[in-house]
Asker: 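Here it is: the structure, laid out below.
All chains are named by letter (A, B, ...) in the order of the sequence lines, taking the proteins before the strands, and each is independently numbered beginning at 1.
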Protein chains: 2
Amino acid sequence: MPEQRVPDVVISRLPLYLRTLKQLRAQGQSLISSHQLAEILNLTSAQIRKDLSMFGEFGKQGTGYSVPYLIEQLERILHVDQVWDMIVVGAGALGQALVNYPGFEANGFRIVAIYDNDPAKIGLHLGRLVVKDVATMPDDVRAHRWRIGILAVPEATAQSVAETMVDAGIRAILCYAPTILALPPEVRVQYIDPIVHLQHMSYYLEREDES
Amino acid sequence: MPEQRVPDVVISRLPLYLRTLKQLRAQGQSLISSHQLAEILNLTSAQIRKDLSMFGEFGKQGTGYSVPYLIEQLERILHVDQVWDMIVVGAGALGQALVNYPGFEANGFRIVAIYDNDPAKIGLHLGRLVVKDVATMPDDVRAHRWRIGILAVPEATAQSVAETMVDAGIRAILCYAPTILALPPEVRVQYIDPIVHLQHMSYYLEREDES
DNA sequence: CCTTGTGAATATGTTCACAGCA
DNA sequence: TGCTGTGAACATATTCACAAGG
């Protein structure tokens, strides 16, 4: 397996390839060409072939790619041929929706604990989990060597909660708070902010009075 | 104002600039240099200056940028100097969390209706909104000329609901369903899928057994 | 024929470095 | 001095186009 320095932009597309391949598998398709995959994803076939070629030669000339085999390879590359335990901090509407979301388990992730600092929320039952006091989070993270945290707290507390997570051993954070976290560079952070996406789209929308 | 063809990647950064400037304004800061802003955002100062220069000359040499003035300009550029009405389709845990989220109103957006096809959810009160039958959505969208829709339905129904939205006049969709929508190119779509971000990060995490 | 994988060519994006100005 | 705005230089990413294989 080559896999030298792979550009981050390539890594960002692999989960989309994997997701689409799983959909095709669910529909019973066992082979796919880069052209077909490109059409579904609104990309070019050359880009898909080049991306995959950074990790090995997975296709067959004249035939294309085996869907199950490519899924297996992508899961290995993305390290989701195992299940990652995750914690959620923040048990508001968003944290509760996350705990409720069935998509994690099927894709290599599992929420194993949820925390809040609000006494009114601590003790609340959410499915199989009970909201715990965030003060107990660092010891839990250390004890279980958990690596992934989801930040679902308000902007005002996001930075300090993130620092506490990192001190306890968290190395990857999915941040739903609308702010940029200042953290050591070895900690991976990904951001989800619907406002950013909406404003990106509203740029292209004409004003009401221009229509 | 020049504003010819601006690369999409530049547009994608403007909401982050705007969000950060609003945070600085809330802290009482009235001036900022491209260097300070770059440090907060983990970017280079040249990139920020070049991005902004595509829309005009907003800064002062030796001084930097006026925070309130730059906010005003970015809001104008992104068309969030008005409030956009939005609908949500899907009143599950995610749809309910979205209706509950206070961040929209402060940033140029407002959820004005939420729909579902589940009789058990129709009629449910969520804050000031009541869940309506999704069958009534197209007429509502046409009557009010709503342009923005948030898709919070399961993957299986996302494509057909999206098509119904677009037929009714929706021109921008924020899609939380984990799938790529096939829609006419004039319709803007942005995707939010936590799995994509988590798998992006797990690529960089070492396996448990490698530690 | 149909595919993949890939070097070469092109296109795009970022950073450098500095003139010009407060 | 300290800053912006920007052409030039550089770096990165994408697409083309084709050899090679089934």
Side-chain angles (χ1 to χ4, degrees), chain A residues 1-17 20-21 24 29-74 77 185 200 203, chain B residues 1-17 20-21 24 29-74 77 185 200 203:
Chain A
M1 190 213 315
E3 196 163 347
Q4 321 124 45
R5 254 288 156 276
V6 179
D8 197 62
V9 66
V10 173
I11 305 302
S12 72
R13 284 190 293 262
L14 300 184
L16 300 173
Y17 300 165
T20 303
L21 289 161
L24 292 165
Q29 188 170 338
S30 59
L31 282 172
I32 186 141
S33 69
S34 59
H35 298 271
Q36 291 176 276
L37 194 51
E39 192 172 353
I40 296 170
L41 289 160
N42 297 320
L43 300 172
T44 65
S45 59
Q47 179 158 76
I48 290 172
R49 292 199 302 278
K50 194 144 232 171
D51 284 354
L52 295 176
S53 76
M54 308 209 76
F55 301 95
E57 306 197 357
F58 304 126
K60 284 192 177 58
Q61 285 144 325
T63 310
Y65 300 88
S66 155
V67 172
Y69 179 67
L70 194 48
I71 287 172
E72 187 182 299
Q73 294 305 310
L74 285 170
I77 292 163
H200 188 156
Y203 171 83
Chain B
M1 190 212 314
E3 195 164 347
Q4 321 124 46
R5 253 290 156 277
V6 179
D8 197 63
V9 66
V10 173
I11 305 303
S12 71
R13 283 189 292 264
L14 300 185
L16 300 173
Y17 300 165
T20 304
L21 289 161
L24 292 165
Q29 189 170 337
S30 60
L31 282 173
I32 186 141
S33 69
S34 58
H35 298 269
Q36 290 176 277
L37 193 52
E39 192 171 353
I40 296 169
L41 289 159
N42 297 319
L43 300 172
T44 65
S45 60
Q47 179 156 77
I48 290 172
R49 292 198 303 278
K50 193 143 232 173
D51 285 353
L52 295 176
S53 76
M54 310 209 74
F55 301 94
E57 306 197 357
F58 304 126
K60 284 193 176 59
Q61 285 142 326
T63 312
Y65 300 88
S66 154
V67 172
Y69 179 67
L70 194 49
I71 287 171
E72 187 182 299
Q73 294 304 311
L74 286 168
I77 292 164
H200 188 157
Y203 172 82

Asker: Taking the side chain of A:Glu57 as its heavy atoms from C-beta onward, which of C:dG13, D:dG5, C:dT6 lies nearest to it?
Answerer: C:dT6
Asker: For the pair made of CZ in B:Phe55 and C1' in D:dT4, what is the distance, rounded to whole Å?
Answerer: 17 Å
Asker: Using whole Å, report how far CZ of B:Phe58 lies from C1' of C:dA22.
Answerer: 20 Å
Asker: Looking at OG1 of B:Thr44 and CZ of B:Arg49, how far apart are the two atoms once the value is rounded to the nearest 0.5 Å?
Answerer: 8.0 Å
Asker: Using heavy-atom distances to pick each residue's nearest nucleotide on DNA chain D, tell me which of A:Gly62 and A:Asp8 is more 5'.
Answerer: A:Asp8
Asker: Does any part of the side chain of B:Tyr65, heavy atoms only, come nearer than 4.5 Å to the side chain of B:Leu31, both counted from C-beta?
Answerer: no
Asker: Before you tell me yes or no, could you show the steps for A:Leu52 and A:Tyr17 under side chain to side chain contact (heavy atoms under 4.5 Å, CB included), namely the whole-Å CA-CA distance, both residues' side-chain angles and the distance that decides it to 0.1 Å?
Answerer: CA-CA 10 Å; A:Leu52 295 176; A:Tyr17 300 165; 4.2 Å; yes
Asker: Using side-chain heavy atoms (C-beta onward) and a distance below 4.5 Å, is A:Ser45 in contact with A:Glu39?
Answerer: no
Asker: Quickly work out the A:Glu39 CD to C:dT3 C1' distance and round it to whole Å.
Answerer: 16 Å
Asker: Quick check: any donor-acceptor pair below 3.5 Å linking the side-chain of B:Lys50 to the base of C:dT14?
Answerer: no
Asker: Hey, is the side chain of B:Thr44 poking within less than 4.0 Å of OP1 or OP2 on C:dT14, counting only N and O atoms?
Answerer: no
Asker: Measure CG/A:Asn42 against P/D:dT14 and give the value in whole Å, please.
Answerer: 15 Å
Asker: Considering only D:dT4, D:dT14, D:dG5, which nucleotide approaches the side chain of A:Gln47 most closely?
Answerer: D:dT14
Asker: Can you tell me the distance, in whole Å, between the CD1 atom of B:Ile48 and the C1' atom of C:dG13?
Answerer: 15 Å
Asker: Would the base of C:dG20 count as contacting B:Gln61 through its side chain, where contact means a donor and an acceptor less than 3.5 Å apart?
Answerer: yes
Asker: Any side-chain N or O of B:Thr63 less than 4.0 Å from the OP1 or OP2 oxygen of C:dA22?
Answerer: no
Asker: Report yes if some heavy atom in the side chain of A:Val6 is under 4.5 Å from a heavy atom in the side chain of A:Asp51; otherwise report no.
Answerer: no
Asker: For B:Ile11 and C:dG13, what is the distance between atoms CD1 and P respectively, to the nearest whole Å?
Answerer: 11 Å
Asker: Report the nucleotide, chosen from C:dT3, D:dT6, C:dG5, that has the shortest atom-to-atom distance to any side-chain atom of A:Arg49.
Answerer: C:dG5
Asker: Look at the side chain of A:Ala46 and decide which nucleotide, out of C:dG5, D:dT15, C:dT4, has an atom nearest to it.
Answerer: D:dT15
Asker: Identify which nucleotide among D:dT14, C:dG5, D:dT4 has an atom closest to any side-chain atom of B:Tyr65, counting heavy atoms from C-beta outward.
Answerer: D:dT4
Asker: Please give, in whole Å, the distance from D:dT4 C1' to B:Asp51 CG?
Answerer: 14 Å
Asker: At under 4.0 Å between heavy atoms, what does B:Ser45 touch on the DNA or RNA strands: base, sugar-phosphate, or nothing?
Answerer: nothing
Asker: Mind calculating the distance between CD (B:Gln73) and P (D:dG5) to the nearest angstrom?
Answerer: 12 Å
Asker: For C:dT14 and B:Arg13 - does any side-chain N or O of the residue sit under 4.0 Å from the phosphate oxygens OP1/OP2?
Answerer: yes
